Amino acid sequence: MSLLSASLLGIDFASPLMNASGVCCRYNEELDAMLASDAGSLITKSCTLLPREGNPEPRYTATALGSINSMGLPNEGYEYYLDYAVKHDYAKKPLFMSVAGLSLEDNMAMLTAIREAKLPAIVELNLSCPNVPGKPQIAYDFEAMESMLEAASRVWAQPFGVKMPPYFDIAHFDEAAAILNRHPLVKFITCINSIGNALVIDIERESVVIKPKDGFGGIGGDYVLPTALANVNAFFRRCPDKQVIGCGGVKSGAEVFMHLLAGASLVQVGTALQEEGCGIFARLNAELAEILQRKGYRSLEEVRGKLRTL
Ligand SMILES: O=C1NC(=O)NC(C(=O)O)N1
């Protein structure tokens with residue numbers, strides 16, 4: 001066991017770091033770059049039943065404080081990622097598959113096909129894409145989320161995880177956690193997806209910066225770090241039988257350490273990975289190791305959830 005060893009669903013990871021679904025994971029070449037990187041694992045682009053072009057461009061813009069995107073789930077269709085998962089060498093590093101069907105039926109069809117392939121791939125069910133016009137985020141509709149989790153638990157019939165949107169109200173943390181706790185097969189919770197439907201304005205052009213939805217898109221990066229940490233900690237506190245994966249605002253070892261303190265078992269990198277490339281994982285591992293050593297920690301276990309309150 002090295003200093004950066006992590007564990008999820010009883011599976012060992014050499015590093016807690018991985019990509020956030022959507023970044024460096026649409027094509028085989030990107031997934032292979034993640035495999036060759038110092039990330040402890042990798043996750044595929046959220047897939048739909050059929051391939052999708054996604055929203056019109058420009059649909060991603062980096063900003064001084066992070067990024068805004070309205071990709072619209074562009075992906076090669078679930079069979080492409082299932083094919084990658086069949087060929088993947090799980091002894092090298094664990095692989096996650098992100099599933100984001102446009103309907104409950106589509107999700108069940110994909111989960112059935114993936115289940116029948118009998119792979120060690122870990123499924124992260126995306127309940128929180130904010131960018132498909134006309135498709136509300138499932139996890140903001142508690143009844144829809146309950147129905148989706150009931151169906152997914154029945155069809156998938158083994159442990160899986162969910163990608164959650166950020167919540168901003170304690171009552172919503174309570175309600176969402178209560179729903180998740182009613183589904184014991186939901187063994188991990190990834191917090192957070194982008195903060196949906198934000199608006200970035202360029203004053204020189206007096207314009208929005210992305211084309212879809214009149215410029216409204218999900219934001220990531222520095223903008224979302226405190227909200228991401230709050231959601232990680234809220235679900236860590238409320239779901240003692242589940243693990244949490246942190247996502248949001250990670251750009252150095254410091255933010256990785258914050259997510260671990262808040263309760264994260266693994267940590268995903270989105271905007272910073274998009275901007276820096278896969279070399280970021282070697283840097284983040286080194287920076288995290290330096291913080292742990294400086295503070296006298298010998299494992300991530302000793303840090304997880306140890307956030308002090310005043
Ligand atoms: O779940 C998602 N979150 C995002 O921020 N963007 C992508 C997308 O638009 O495909 N999906």
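Read the numbers this way: they start at 1 and go in the same order the structure lists the ligands and their atoms. It should be emphasised that the depicted structure is a prediction, and the values quoted were computed from it without experimental measurement.
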Q) Closer than 4.0 angstrom: is that true for some heavy atom of Gly218 and an atom of ligand 1? A) no

(Q) For the 3.5 Å polar cut-off, considering only N or O atoms, please tell me whether Lys45 and ligand 1 meet it. (A) yes

Q | Trace of the side chain to side chain donor-acceptor pair (under 3.5 Å) decision for Asp32 with Tyr84 | A | CA-CA 10 Å; Asp32 288 345; Tyr84 188 89; 2.8 Å; yes

Q | 4.0 Å heavy-atom contact, Pro130 with ligand 1 | A | yes

Q.
Within the 4.0 Å heavy-atom shell around Asn126, which atoms of ligand 1 are there?
A. 1 (O)

**Q.** Under-4.0 Å heavy-atom contact with ligand 1, by part of Val132 that carries it
**A.** neither

Q: Take atom CD of Glu301 as the centre, draw a 6.0 Å sphere, and report whether it contains more than 12 heavy atoms from other residues, nucleotides or ligands.
A: no

Q | Ligand-side contact atoms (ligand 1) for residue partner Asn131, heavy atom cut-off under 4.0 Å | A | 4 (C), 5 (O), 6 (N), 7 (C), 8 (C), 9 (O)

Q) Hey, which of Ser128, Ser46, Ser21 is the one that makes side chain to side chain donor-acceptor pair (under 3.5 Å) with Asn193? A) Ser128

Q: For atom 10 (O) of ligand 1, find the nearest protein heavy atom and state the residue, atom name and distance (0.1 Å precision).
A: Leu73 N, 2.7 Å

Q.
Test of understanding: given a 4.0 Å heavy-atom threshold, classify the contact between Ala100 and ligand 1 as side chain, backbone, both, or neither.
A. neither

Q. At the 4.0 Å heavy-atom cut-off, does Gly72 count as touching ligand 1?
A. yes

Q: Please test Tyr223 against Thr63 for side chain to side chain donor-acceptor pair (under 3.5 Å), starting from the C-alpha separation and ending with a verdict.
A: CA-CA 10 Å; Tyr223 299 117; Thr63 73; 2.7 Å; yes

Q) Counting distance only, does the side-chain N/O of Lys93 pair as donor-acceptor with the main-chain N or O of Ala39 below 3.5 Å? A) yes

Q: Would you kindly specify which portion of Asn55 sits under 4.0 Å from ligand 1, judged on non-hydrogen atoms: side chain, backbone, both or neither?
A: neither

Q | Atoms in ligand 1 with a heavy atom of Met71 nearer than 4.0 Å | A | 8 (C), 9 (O), 10 (O)

Q: Answer yes if the ring centres of Phe257 and His259 are under 6.0 angstrom apart, and no otherwise.
A: no

Q. Would Asn75 and Thr48 count as a side chain to side chain donor-acceptor pair (under 3.5 Å) if you check the C-alpha gap in whole Å, the side-chain angles of each, and the deciding distance to 0.1 Å?
A. CA-CA 7 Å; Asn75 75 96; Thr48 48; 2.9 Å; yes

Q. Which protein heavy atom lies closest to atom 11 (N) of ligand 1, and at what distance to 0.1 Å?
A. Cys129 SG, 3.3 Å

Q.
Taking Glu76's backbone N and O only, do any of them form a donor-acceptor pair with Arg26's side chain (distance below 3.5 Å, no angle check)?
A. no

Q.
Below the 3.5 angstrom mark, is there an N/O of Ser128, backbone or side chain, next to an N/O of ligand 1?
A. no

**Q.** Check: Asn231 side chain, Thr227 main-chain N or O, donor-acceptor pair, under 3.5 Å
**A.** yes

**Q.** Distance filter under 4.0 Å to Asn193 heavy atoms, resulting ligand 1 atoms
**A.** 1 (O), 2 (C), 3 (N), 4 (C), 5 (O)

Q | Whether Phe96 and Phe13 hold their rings parallel, tilted or perpendicular, with breakpoints at 30° and 60° | A | tilted

Q.
Below 3.5 Å, N or O to N or O, backbone or side chain included: is there any such pair between Ser70 and ligand 1?
A. no

